[in-house]
Each structure stands twice: as structure tokens, then as C-alpha cells.
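Worksheet for the structure shown next.
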Amino acid sequence: MRALALRGHKAPITFILPISDVHILTSDQTGVVTKWNLPIKRPVLTWTAHTDAILTILKWGQYIITHSRDSTIKIWLEDKLQYEFPVNALNFSNIVLFCNHYLITPATTNSNNIDIYRLDEEPIGITREVANFSSYNLVHDVKFEDIEGRKDFGIIMKMLIISNVLYIGYESGDIVGLVISLPQPTIIQSATSASIINKDVKLNLQYHNSSHVPNPIISLAALNTTLVSGSTGKKVIIHSDPIKVCKLNEAGVQAIVPYGGQLIIGFWNGVIQSLDETIQRPLPHIDADEMKTIVKLTYMCMHIKADTQDDQSYSKLIKQKKYGDLLLAGYEDGTIVGYTI
């Protein structure tokens, strides 16, 4: 059931990030970020963070990290810029944060590979720990399985962290899982001094799957601790042992949202499906056969209401509508719609 609609963006929605019970951040293709108050359904802060589409928003302690097609990553305190650095934006891959201090991005020199940066606070700064790491070369070198046809996986399309494993979905339809190890530094002591020797971040191959080939990966999600993937084709794969293939009626799996042990699937064409319900958001009726009749879905996520005591005053409670868990869907017309689950 539709519970709310947020209208303020003038371009397609690119990312939605819940940051509290009350607030979410949203972004669009023009580089605008908006902070919304859900109970009153109003924006409380809006700023132009980038000059092109924003691909990722991450929360890092008190800061917000934004990543854009304008080839920059920026770190914000509310709408005040604290730090920025360049990044490869030749593809539409997101970036991910590991252990709250390691930022993983497409590599600066090759969008098929990854870089890993360590983020430092006070003052904010970055150190590149891993440069231009190739998953394809790792798969090929250890002979995980025979690789035929093309000699690379193509550009990175989507990344996801589950526990200590980085899953990368590629243009080729391949998915690679890399275990990330962060060795503790070694301390060497002498009678007069102590030296700290920092060791490198390690990446080891754990998983490789080609079930989506030749369809590019466009969505990754975690069902508890199990990877779920979708592509431009008509199937969703649950990467259990053995894998489970779910065949679908629609193509283009834009988003996968696990909830209550089930999967909610959002498609490019605007259709959202769960086990027992299908949602379509229609446009106002237009008497023209060639006109679109539904709005394209561009992003989808869950906003989970925390089980906390609400200490707000009664006067606020009667003025503000309270919501439970919401499925938040962003659309190409700039609208964000919240559906009760």
C-alpha cells in the first residue's frame, strides 16, 4: 500500500539512503542531494553536491560520502564540503565501504579493476592501499575454472560487501567474490625504540559464478548472508550451495530488496513484485498509444523502523504521521514513493 510520496527532485532518482528513523538522503542525475524528514514528508536540506549524476551515497561516522559521474568522491558534514578526491567514473558502478575505514572503488586507471583507499579522520585524508587490482587475472591465475571467449570481465557494474567478502558483478555477467583480509601491523621493539610495520590489504578468491553471462549484472543484494544477483536478463540467482535460479516474466532487474526472508524485485519498466503482490505506478492517462503508461523505476531500498521508545511529545505525534517499515522506490520523474510492507 502506498504510504507517502516525496516530490522535490527535478531529475531521475539515483540513490536513496536511510540515515535514521526520521531522515533519508536522496540524490538525482543532476548531482542534487536532498535530506528528507519522513514524518512531515518535507525536505530539510538540499544542495548541489556534484555536476553530474550521483552514483552512491554512504554514511561514514558523522560524515556523508557522495560519489558521482563527474569523476569525484566528496566527503560532507551536512552540506559543508570537507574533502574531495578524483575517481574513475567511466562506468555506473557504486562504491562500497569496508570496516568503516576502507573505501573500494573502480580503479583509476582501469574501470575493469578496483582500488582500495584507507580513510583517515582528524584530519580527513586518504591513502591508496590497493591499486588496479584485477579479479579476472586472479580467477585466471588460480585456474578456478576454464574461461572461454573474451579475455576480461568488462567493466565493473555493481559491488556489495557481505561480511568480509567483496562481491563484484561485471559487464560480462560474471560475479567474483573476494575475501578481504586486513592484517594487524607488526611492532618491532628494541632497547631504545619501537617500529610499526604496516602490512598490505590482502584479497583472496572465494567465489566465481557465470550463470548470468552474457547479461551484465545490474543488482546485488544480501539475503541474510547469501548473495542474490540480478541482471539485464529475466532471472534472479540466489548464490546458495547449490545455486537457485528464479525465472522471471520481466527483464532488467533494477533492484533486489530482501525483506522478511523473501525478495522484493524491482524492474526497469517500473514493475515491483513480491511473492503475493505486484505494484505499478501509472502515469496520468494520456490518449496516445505511443506514450508511456508507467514510470521507470531507478532505485529501491528498505527503510527499517528501529524498535526504540518514542519520546516525542503528544502534540508532535498527532501532527506527524508515523510509519513502520517502508519500501522506498525512486523513479525517473524524480519522485520517491514509500510503500508499506
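All figures in this text were calculated on a predicted structure; none of them were measured in a lab. The chain is numbered in sequence order, starting from 1.
Under the salt bridge (Lys or Arg N to Asp or Glu O under 4.0 Å) criterion, E78 pairs with K35, not counting sequence neighbours. Applying the side-chain contact (heavy atoms from CB on, under 4.5 Å) criterion to Q273, with sequence neighbours excluded, gives F267, V271, T278. Under the salt bridge (Lys or Arg N to Asp or Glu O under 4.0 Å) criterion, D70 pairs with no residue, sequence neighbours left out. For D120, the salt bridge (Lys or Arg N to Asp or Glu O under 4.0 Å) criterion is met by R118, not counting sequence neighbours. In this structure, R2 has no salt bridge (Lys or Arg N to Asp or Glu O under 4.0 Å) partners at least two apart in sequence or on a different chain. Partners of Y167 under the ring pair (Phe, Tyr, Trp, His ring centres under 6.0 Å) rule, at least two apart in sequence or in another chain, do not exist in this structure.
Grouping Ile, Leu, Val, Met, Phe, Trp and Tyr residues whose side-chain heavy atoms lie under 4.5 Å apart, directly or via other members, leaves L275 alone, with no other cluster members. Other members of the cluster containing V32 do not exist, because no ILVMFWY side chain is joined to it at under 4.5 Å.
The two residues A49 and V33 have their closest heavy-atom pair at CB-CG2, 3.8 Å. Between S93 and M159, the shortest heavy-atom distance links the atoms OG-CE, 4.0 Å. Of all non-hydrogen atoms in S274 and I264, the two that sit nearest each other are CB-CG1, 4.2 Å. Of all non-hydrogen atoms in L97 and I161, the two that sit nearest each other are O-CG1, 4.3 Å. Considering all non-hydrogen atoms of both residues, I126 and L119 come closest at CG2-CD2, 3.5 Å. Y170 approaches F153 most closely through the heavy-atom pair CB-O, 3.2 Å.
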Please tabulate, for the side chains in residues 237-249, all donor-acceptor contacts under 3.5 angstrom to protein atoms that are two or more places apart in sequence or on a different chain.
{"unit_1": "H239", "atom_1": "ND1", "unit_2": "Y207", "atom_2": "OH", "d": "2.7"}
{"unit_1": "H239", "atom_1": "NE2", "unit_2": "S229", "atom_2": "OG", "d": "2.7"}
{"unit_1": "S240", "atom_1": "OG", "unit_2": "P242", "atom_2": "O", "d": "2.7"}

Could you pull out every donor-acceptor pair under 3.5 Å between side chains of residues 53-62 and any protein atom, sequence neighbours left out?
{"unit_1": "T56", "atom_1": "OG1", "unit_2": "H67", "atom_2": "ND1", "d": "3.0"}
{"unit_1": "T56", "atom_1": "OG1", "unit_2": "I95", "atom_2": "N", "d": "3.1"}
{"unit_1": "K59", "atom_1": "NZ", "unit_2": "G61", "atom_2": "O", "d": "2.7"}
{"unit_1": "W60", "atom_1": "NE1", "unit_2": "N100", "atom_2": "O", "d": "2.8"}

For residues 253-261, tabulate all N or O donor-acceptor pairs below 3.5 Å that involve a side-chain atom, not counting sequence neighbours.
{"unit_1": "Q254", "atom_1": "OE1", "unit_2": "W268", "atom_2": "NE1", "d": "2.7"}
{"unit_1": "Q254", "atom_1": "NE2", "unit_2": "T298", "atom_2": "O", "d": "3.0"}
{"unit_1": "Y259", "atom_1": "OH", "unit_2": "D325", "atom_2": "OD2", "d": "2.6"}

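Checked by atom type and distance alone, the side chain of S210 never pairs as donor or acceptor with a backbone atom of V213 at under 3.5 Å. Under a 3.5 Å cut-off, the side chain of K296 and the backbone N or O of P12 do not form any donor-acceptor pair. With hydrogens and angles ignored, the 3.5 Å screen pairs a side-chain donor or acceptor of S20 with a backbone N or O of V22.
Looking at N112, N113, N110, T108 one by one, the single match for side chain to side chain donor-acceptor pair (under 3.5 Å) with N132 turns out to be N113.
Between F15 and Y299, the ring planes lie tilted relative to each other; the angle falls in the 30° to 60° range. Relative orientation of the F85 and Y83 rings is tilted, given thresholds of 30° and 60° on the angle between their planes. Note on ring orientation: taking the six-membered ring where Trp is involved, the planes of H50 and W76 are perpendicular (angle over 60°, cut-offs 30° and 60°).
F133 and I73 sit in two unconnected hydrophobic clusters of ILVMFWY residues. Membership requires side-chain heavy atoms under 4.5 Å apart, directly or through other members.
Put simply, NE2 on H303 and NE2 on H23 are 9.5 Å apart, with the number rounded to the nearest 0.5 Å.
When only modelled atom types and interatomic distance are considered, T14 and S27 share a side-chain donor-acceptor pair under 3.5 Å.
Annotation: side chain of L6 is not in contact with side chain of T34 (no heavy-atom distance under 4.5 Å).
Among residues at least two apart or in separate chains, there is no ring-ring contact (aromatic ring centres under 6.0 Å, His included) pair with a member in residues 213-237.
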